[in-house]
Amino acid sequence: MPKDVEELIRQMSLEEKAKLVVGRGMPGFFGNPPSRVPGAAGETHAIERLGIPSVVLADGPAGLRINPRREGDERTYHATAFPVAVMLASTWNPEIVEEVGRAMGEEVREYGVDILLAPAMNIHRNPLCGRNFEYYSEDPLLSGEMAAAFIRGVQSQGVGACVKHFVANNQETNRFFIDTVVSERALREIYLRGFEIAIKKAKPWAVMSAYNKLNGEYCSESEWLLTEVLREEWGFEGFVMTDWYAGEDPVKQLKAGNDMIMPGKAYQINPQRKDEVEEIVRAVKEGRLSEEVLDRSVKRILRVLVNSPSFRGYKYSNQPDLDAHAKVAYEAGAEGVVLLKNEGALPLREDAKVALFGTGQIETIRGGTGSGYTYPRYTISILEGMRERGLRVDEELAELHEEYIRGMREKEEYKVKMVFNQPVMPRLPQDFLSEEEVARVAERNDVAVVVITRVSGEGADRRLEEGDFYLAKDERSLLEKVSRAFHERGKKVVVLLNIGAPIEVASWRDMVDAILLIWQAGQETGRIAADALVGKINPSGKLPVTFPKDYGDVPSWSFPGEPKDSPVKVVYEEDIYVGYRYYDTFGVEPAYEFGYGLSYTTFEYKNLEVRLEGDVVKVSFEVANTGKLPGKEVAQVYIRAPRGRLDKPFQELKGFRKTRLLKPGEVERIEVEIPVRMLASFDGKEWLVERGEYEVRVGSSSRDIRLTGKFTIDEEIRYPP
Ligand code: BGC
């Protein structure tokens with residue numbers, strides 16, 4: 001194929017080359033013709049003369065985002081809504097994430113799309129980032145491994161994945177121009193590391209550069225980022241595209257190594273911009289851009305696209321196996337449920353009479369909004385899931401909720417509005433039942449389950465307010481009423497958190513007996529919730545992100561930047577101390593730590609062996625199910641470095657493994673290999689592994705370390721970047 005690509009390039013005119021590196025404008029908007037796959041986010045120019053077809057690009061991480069209906073067409077084009085990425089990361093199970101990737105990849109291919117604009121893998125720097133639900137974790141190793149698995153799955157289907165947003169796009173506030181100021185060490189160890197792992201391990205077809213500036217320069221215009229680091233150091237061989245309408249100067253973008261400008265026609269939304277194709281042609285003619293640089297991008301793009309379904313003339317069916325993929329969505333969600341608290345309340349007896357509170361039982365959140373939104377065939381609400389699974393739900397109470405929602409949504413203030421084909425639903429007050437009504441409900445039921453929901457999305461960060469990071473007053477008073485009424489009668493109260501990112505829990509968790517974090521689990525949310533409540537699913541998810549006790553404890557205090565009213569710059573003062581790296585090093589106690597999650601059974605760790613063999617640390621140990629129910633455990637390996645020249649976090653995650661389903665009494669031997677290179681820190685010039693004694697800390701969470709061992713590095717080791 002490469003030979004053909006060279007030949008194609010020889011035959012292309014300057015204008016054709018310029019067209020190939022610029023999208024043809026956001027399809028279906030601003031007078032642009034719709035994509036041949038309506039709802040897709042972008043499409044490239046076809047060059048018919050040379051037999052180059054256009055290729056179609058569509059979002060996103062939780063499912064393929066295309067329009068479910070087409071004008072004058074009876075058929076539907078729904079795609080599966082999978083659990084959001086933070087929930088996929090909570091599985092700590094690359095195999096299931098790869099399966100999600102495979103299923104999504106099949107939908108991409110069968111709906112006629114070439115490249116999926118996923119995975120998204122920015123680090124959860126701050127709990128308020130509006131897109132955290134689309135991203136995996138606060139830890140780069142976990143993010144990188146999850147993204148690699150997802151990419152492998154997608155690309156096994158003959159379509160491409162595009163990792164995004166490269167890099168340090170950790171907030172939505174002023175995302176188009178915010179300048180992220182961050183040290184090279186923090187960049188390399190935290191923000192770049194996950195991308196590095198995903199790119200080296202899984203070779204995505206494409207990378208999407210981020211909107212923001214990085215130390216003063218737009219990511220899409222940074223030669224250091226897109227050429228030195230990405231290609232020269234990491235060996236990336238695909239092509240780079242901009243995020244939609246990112247940056248200012250397409251000529252600079254091409255020079256920096258940003259090969260494709262998307263979606264094209266930025267002038268349609270920004271009067272400062274010009275037609276990119278014309279700009280590029282003019283720059284070449286005026287000698288401001290060498291044709292070699294343009295050819296370089298054309299070549300990178302074509303080398304990838306010749307393998308795309310569109311190039312190969314693939315006849316797609318428009319009939320992916322949605323039933324099979326629904327099962328994958330369920331399985332993935334089942335492994336990502338995190339049990340945060342359980343004082344004898346769960347699992348529920350299957351015949352327990354359940355009083356469900358909270359409008360989220362009906363208006364269940366399957367995922368976030370923006371480009372990560374999905375259009376599945378259905379979403380099973382929590383109430384529907386519980387009914388379907390035969391739980392004895394208090395129907396009178398459910399009906400009260402249905403009526404309440406119906407009435408409220410008719411009021412102007414609470415009307416559901418459609419914005420860009422997505423519903424915007426103002427949060428409803430939750431405390432609409434009187435003390436007496438709740439008491440009557442408590443009398444006739446065995447247990448209360450209170451649903452708390454949150455939704456966020458692209459374009460805005462979450463708020464440090466009641467009703468968002470904090471419980472609203474009405475949510476708090478509902479919890480108070482319910483727990484008083486049920487506890488007085490010796491009955492338990494369970495909270496279901498249907499959220500996409502941490503909220504404050506420390507001030508109210510003592511009021512309830514159990515908290516089950518079901519995240520935003522996609523179209524199967526209700527089934528997953530019901531099965532986890534009764535123990536058909538034994539929770540085996542672990543937190544990929546710290547739940548802080550309060551916002552004041554969060555290390556990224558500079559979020560979202562300065563000046564406060566409309567930030568232009570955000571300085572990452574906390575440097576490498578992101579997430580648990582901060583909480584552990586500075587002795588700050590979180591509400592629930594990184595890696596935390598309970599089970600309905602118990603596990604014991606034993607027989608640790610640690611060996612340094614050449615340039616690999618081999619860690620092996622056993623995990624035994626010592627409880628009464630089958631379950632899976634996520635075993636985590638942290639390393640604590642010796643004191644040396646460079647500051648190091650207290651400990652860092654260097655490996656993990658999820659066990660198979662262990663029956664009571666069953667034991668699994670786990671082996672984890674850690675390349676010595678992964679112990680290095682960046683000293684400003686090079687990667688450095690300092691000499692001394694390293695502690696291996698094996699545990700069930702970052703703060704529940706069950707076994708420790710040691711190994712020694714005799715001589716310091718340096719690696720070039
Ligand atoms: C988002 C990307 C997305 C693109 C296309 C941008 O606004 O940041 O994540 O892939 O739009 O929809």
Side-chain angles (χ1 to χ4, degrees), residues 22-30 32 34-35 37-44 55-67 79 84-86 104 108 111 113-123 129-136 147 150-151 154 159-178 180 195 198 204-213 218-220 239-247 258 260-266 268-270 273 367-375 419-422 456-461 500:
V22 177
R24 63 164 187 68
M26 181 97 104
F29 287 87
F30 319 116
N32 303 322
S35 168
V37 183
E43 207 168 303
T44 62
V55 300
V56 178
L57 300 85
D59 289 304
L64 176 66
R65 185 173 63 89
I66 57 173
N67 293 347
V84 295
V86 69
M104 230 186 273
V108 170
Y111 278 134
V113 175
D114 297 284
I115 295 185
L116 180 70
L117 302 172
M121 53 178 310
N122 296 95
I123 292 290
C129 170
R131 292 184 85 172
N132 276 348
F133 72 96
E134 288 188 72
Y135 305 149
Y136 295 113
F150 183 87
I151 296 163
V154 170
V159 294
C162 172
V163 287
K164 66 189 188 185
H165 310 87
F166 192 58
V167 68
N169 180 184
N170 308 102
Q171 64 184 59
E172 290 301 283
T173 305
N174 291 346
R175 63 179 177 153
F176 284 101
F177 56 83
I178 190 89
T180 300
F195 285 96
W205 287 16
V207 167
M208 186 189 291
S209 53
Y211 283 126
N212 51 287
K213 290 180 187 145
Y218 281 112
C219 287
S220 62
F239 71 90
V240 177
M241 69 181 85
T242 62
D243 198 346
W244 269 225
Y245 304 111
N258 191 115
M260 189 184 271
I261 288 118
M262 290 305 282
K265 303 200 169 134
Q268 291 179 327
I269 64 155
N270 182 351
R273 298 283 301 262
T369 61
S371 57
Y373 193 73
T374 52
Y375 299 98
V419 177
F420 285 120
N421 227 357
Q422 299 181 8
S456 72
E458 187 179 343
D461 287 315

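Note that ligands are numbered from 1 as they come in the structure, with each ligand's atoms numbered from 1 the same way. Residues take their numbers from the sequence shown, with the count starting at 1. Keep in mind it's a predicted model, so treat the numbers as computed, not measured.
- D461 places a side-chain N or O within 3.5 Å of a backbone atom of T173 that can act as its donor or acceptor partner.
- Using modelled atom types, one side-chain atom of W244 and one backbone atom of A41 make a donor-acceptor pair closer than 3.5 Å.
- Annotation: F30, atom CZ; neighbour count of heavy atoms from other residues, nucleotides and ligands within 6.0 Å is above 12.
- Residues passing the side chain to side chain donor-acceptor pair (under 3.5 Å) test with E458 are R175, S371, sequence neighbours excluded.
- A distance limit of 4.0 angstrom between heavy atoms and ligand 1 selects the residues A41, D59, R65, L117, R131, K164, H165, R175, M208, Y211, D243, W244, S371, E458.
- Among residues two or more places apart in sequence or in another chain, the side chain to side chain donor-acceptor pair (under 3.5 Å) test is passed with S35 by E43.
- Residues satisfying the side chain to side chain donor-acceptor pair (under 3.5 Å) test with Y211, not counting sequence neighbours, are D243.
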